[in-house]
Every structure is written in structure tokens, then in C-alpha cells.
Amino acid sequence: MTQMADRALKRLPSALRQLLDSEAAGGLLLMGAAGMALILANSPASDFYFTALELPIFGMTLLHWINDGLMAVFFLLVGLEIKREMLDGQLQTWSRRALPGIAAVGGMLAPALVYIAINRDDPLLLRGWAIPAATDIAFALGILSLLGPRVPVSLKIFLTTLAILDDLGAVVIIALFYTSELSAPALGLAGLSLVALIALNRFGVTRLWPYLLLGALLWVLVLQSGVHATLAGVALALTIPLQPTPGKPESISSPLHILEHGIQPWVAFLIVPIFGFANAGVALIGSDPRALLETVPLGIALGLFLGKQVGVFLFSWATIRCGLADLPAGASWLQFYGVGLLCGIGFTMSLFIGALAFPGMPEMSDAVKIGVLAGSLLSALCGWLLLRLAPPSPQDG
């Protein structure tokens, strides 16, 4: 029985491989959910769609529960992935962090500068500078999955790693720039809850239920504090114990691995599609096509489509030319550029930051959605087409 168990463990896919597979499938589901939202928002059922999202449930609207509640689980998964990759995965060493890390910086800086350049004359609109900053890993990997073996695995790993670092940057941006007025008592109690979580980790507690109970309390307190509630998910993730086993980096005995593998399918196949369905609906019937040329949607669309590809590619090119990293194995420069184009798909995180940038402003909500949808769709189509037509790397024969 022991030998059979050992063989079964060896056949378990790595966490990264499972991420690539499930997120790709989840990305296709997300596309379908976003498409359904657009159809409903422009159909006779549009009133029902928008009214349902405003349904009050225990003091918050349904949309609020989705964006602050369900997405806290999404951010929990993001935090788990970041911690695992940093301590026991692809980002364990500086040499592995160099290319995706520097590319992520360029891919966040350039889109923000494009948006700022277009909206520089209006201080209120400048609040949306971070909307085009992050890459949607599920959507991007969903596009890559349509290309099959045409794209080297090394590029899929590069895109996944860059998107994880993008998410880390987005978390920092949300914490620093998109918090409302703070409640000192709630924030203090949230700090005590976090200290208790750290104490559980330091005292070697490996059962998950104490962490999850304190994590739920932390979410409630952060929600009341004025800091965005989803950040409680990241804070909880960083306290979950990771127990790297020498020579066995994919050990499933670690509490972090158990929790990550447990919630990953729920996030990929339920939470993110629900978020997309609830946030992608925008009424386009009767709207003026020139609305896309307004500064907010234009800044977002160009930030995603132009800023992302330029930032990712130029910063990566400079990193490789300086000898700090190598071009991903088996990939050509044209294929690498195609992946840079796919980084302009900012759907989930862009919509999320857009809701934080312009709270309680319905007219801005539609502008954000139009810009995000336009920039993401253009990046997806151009990236898919380029990778579909790009010849393989010369070193592959």
C-alpha cells in the first residue's frame, strides 16, 4: 500500500502545471460568462440583470458581496500562489525572478503612463491610472490554450509568473491608493487578528480550521476598517504555513498546498466567472460609438493594448540584452512579443480596480467597462493571431 501511495503521489501534477491547466479552462469559462453578461445587458432581460445585482442581502448588495466577499477568496488564492512561488517555486531565486519581475514592472508602468498622459488634465479621472496595470491570468491562459503546442511551455510559465507578480503589484496599489476613510478601532482589531494568525504560524499550528476562522473574522474587521476587504485574503494567505520538503517541492502535505489545491477549482470555475458575469455587463444599444474616444475608456484601452505590450517587451528585451536573463527556452522573439500582446488582457483585475477608482459613479462604471473590454479584446485577438501565425523558434528546427 505504501508503494502504491508513493506512486500515486509521484503522478500528481505539480501545482504550477495544475494552475496552467485549470486556469486555461477557467479562462474559457470566464470568456463565456463575460459574453453572456454583455448579451443580457443588451437584451429585454437587461432590467432584471441590473436590478438583481442591486438586490440587498444582509446589508450589502449582491454585487457588493461578489466584489468584496467572493473576490476575497480569489485574493486568498493569489496570496497563496505568490507565497508558494517565492519560497518553493518558480520565483525562489533572483535569477528566476529577473525576467518576469522586470517585465511586470514595465507592464505596469507603461500602461499607467499612457492613461495619465490622456487624462492628465482632470484630477478626478486620474484616479483610474492603475486600471490598465494588471494582466488577467485566466483570460490570457485561456487564449494560450486555444493555440495548443504552438506556444512553448516556457512562455506559458513566463506569462503565469508575470501575471502572479502583476497581481502582487495590484495588491500593493489597492492597499496604498484605493482605501477609503479608515476606522481606527476596526483597523486595530484587524491588526490583532493578523497577529493571532502569525502566532499560529510561529507556534507550528498546521490545522487549517483555526486559520480559516480567524481569516473570516479578519475579513469582517477589514471590511469595517475602510481598507478594501479583499486584502484580508492576501493577509491570511501569507500566514498559512508552507513546509518545503528538500527534493520534494510539490509535497501536498503542506497546509498551504492543501488549501491552494482545495480552493483553486472553485476560484477558476465559479468565483472568477461569477465576477466576470456580474461586472462585464454594459448596455451598448443606443450608445454613441464615439464614447470609446472619451478620455477614460480611451486611456484604459490604449493602456492595455499599447502600454502593456510596449512595457513588457521593451523591459524584457533590455533585461535579456544586459545578460540578466535569457529568452524563454524554445521561444522566438516573435512568439515572445505575442505573449506581450496577451498581457494586455486586463479583464478581471482591471474591472476590479475600476470599481475602486470610481465608487458610486455609474456613468464612470460604463466608461471603465467599455475601455477594459475594448483593450482586452484587441489584445486577445492580436496576440492570438500573431502567435497563430508566428513560425517556431529556429532552435526547434
Contacts under 3.5 angstrom, residues 123-135 side chains, donor-acceptor by atom type, not counting sequence neighbours:
{"residue": "R127", "atom": "NE", "partner": "A357", "partner atom": "O", "Å": "2.8"}
{"residue": "R127", "atom": "NH2", "partner": "L356", "partner atom": "O", "Å": "3.4"}
{"residue": "R127", "atom": "NH2", "partner": "A357", "partner atom": "O", "Å": "3.4"}
{"residue": "T135", "atom": "OG1", "partner": "D166", "partner atom": "OD2", "Å": "3.0"}
{"residue": "T135", "atom": "OG1", "partner": "K308", "partner atom": "NZ", "Å": "3.4"}
{"residue": "T135", "atom": "OG1", "partner": "C343", "partner atom": "O", "Å": "2.8"}

### Message
Other members of the hydrophobic cluster containing Y49, with the 4.5 Å side-chain heavy-atom rule, please.
### Response
M36, L40, F50, L53, L63, F277
## Note on the structure
Residues at least two apart in sequence or cross-chain that pass side-chain hydrogen bond (donor to acceptor under 3.5 Å, both in side chains) with D366, listed by chain then number, are none
### Task
Sequence neighbours left out, what passes side-chain hydrogen bond (donor to acceptor under 3.5 Å, both in side chains) with S225? Give chain and number order.
none
Donor-acceptor contact below 3.5 Å, side chain [X] vs main chain [Y]:
| X | Y | result |
| --- | --- | --- |
| T239 | L236 | yes |
| T51 | F48 | no |
| T61 | E54 | no |
| R84 | E81 | no |
| K83 | V78 | no |

Got a second to check how far [X]'s [atom1] is from [Y]'s [atom2], nearest 0.5 Å?
| X | Y | atom1 | atom2 | value |
| --- | --- | --- | --- | --- |
| L231 | Y178 | CG | OH | 13.0 Å |
| Y337 | L386 | OH | CG | 8.0 Å |
| S154 | L327 | OG | CG | 7.5 Å |
| L292 | L302 | CG | CG | 8.0 Å |
| L192 | L197 | CG | CG | 11.5 Å |
| I240 | S254 | CD1 | OG | 9.5 Å |

Closest heavy-atom contact between [X] and [Y]?
| X | Y | answer |
| --- | --- | --- |
| V222 | A190 | CG2-CB, 4.0 Å |
| G340 | V312 | CA-CG1, 4.1 Å |
| A278 | I66 | CB-CD1, 3.7 Å |
| L221 | S193 | CD1-OG, 3.4 Å |
| L304 | S379 | O-OG, 3.8 Å |
| Q335 | A390 | CG-CB, 4.1 Å |

With a 4.5 Å limit on heavy-atom distance, are the side chains of [X] and [Y] in contact?
| X | Y | result |
| --- | --- | --- |
| S376 | D136 | no |
| L342 | L387 | yes |
| L377 | I345 | no |
| I143 | M31 | yes |
| L70 | F275 | no |
| L80 | Q264 | no |
| I263 | L76 | yes |

With hydrophobic residues grouped by side-chain heavy-atom distances under 4.5 Å, do [X] and [Y] end up in a single group?
| X | Y | answer |
| --- | --- | --- |
| L306 | I116 | yes |
| I300 | L38 | yes |
| V267 | I258 | yes |
| V310 | L381 | no |
| L385 | L159 | yes |

### Query
Do the two ring centres, one from F352 and one from F75, sit under 6.0 Å apart?
yes
### Message
Tell me if the centroids of the rings in F158 and F336 come within less than 6.0 Å of each other.
### Response
yes
#### Entry: Neighbour count above 12 (heavy atom, 6.0 Å) for W333 CH2
yes
### Step-by-step side-chain contact (heavy atoms from CB on, under 4.5 Å) determination, L99 to I102
CA-CA 5 Å; L99 184 60; I102 295 174; over 6 Å; no
### Task
Quick one: do E85 and L165 satisfy side-chain contact (heavy atoms from CB on, under 4.5 Å)? Show the steps, please.
CA-CA 10 Å; E85 292 293 345; L165 292 172; over 6 Å; no
### Task
List the steps, then state whether side-chain contact (heavy atoms from CB on, under 4.5 Å) holds for F139 with T348.
CA-CA 8 Å; F139 227 128; T348 303; 5.8 Å; no
### Query
Can L187 and Q224 be said to form a side-chain contact (heavy atoms from CB on, under 4.5 Å), step by step?
CA-CA 8 Å; L187 196 59; Q224 299 298 321; over 6 Å; no
With a cut-off of 3.5 Å and sequence neighbours excluded, list every side-chain donor-acceptor pair involving residues 210-220.
{"residue": "Y211", "atom": "OH", "partner": "L200", "partner atom": "O", "Å": "3.2"}
{"residue": "Y211", "atom": "OH", "partner": "N201", "partner atom": "N", "Å": "3.2"}
{"residue": "Y211", "atom": "OH", "partner": "V205", "partner atom": "O", "Å": "2.7"}
{"residue": "W219", "atom": "NE1", "partner": "D68", "partner atom": "O", "Å": "2.8"}

Could you list the donor-acceptor pairs under 3.5 angstrom formed by side chains in residues 317-324, with sequence neighbours left out?
{"residue": "T319", "atom": "OG1", "partner": "F315", "partner atom": "O", "Å": "2.7"}

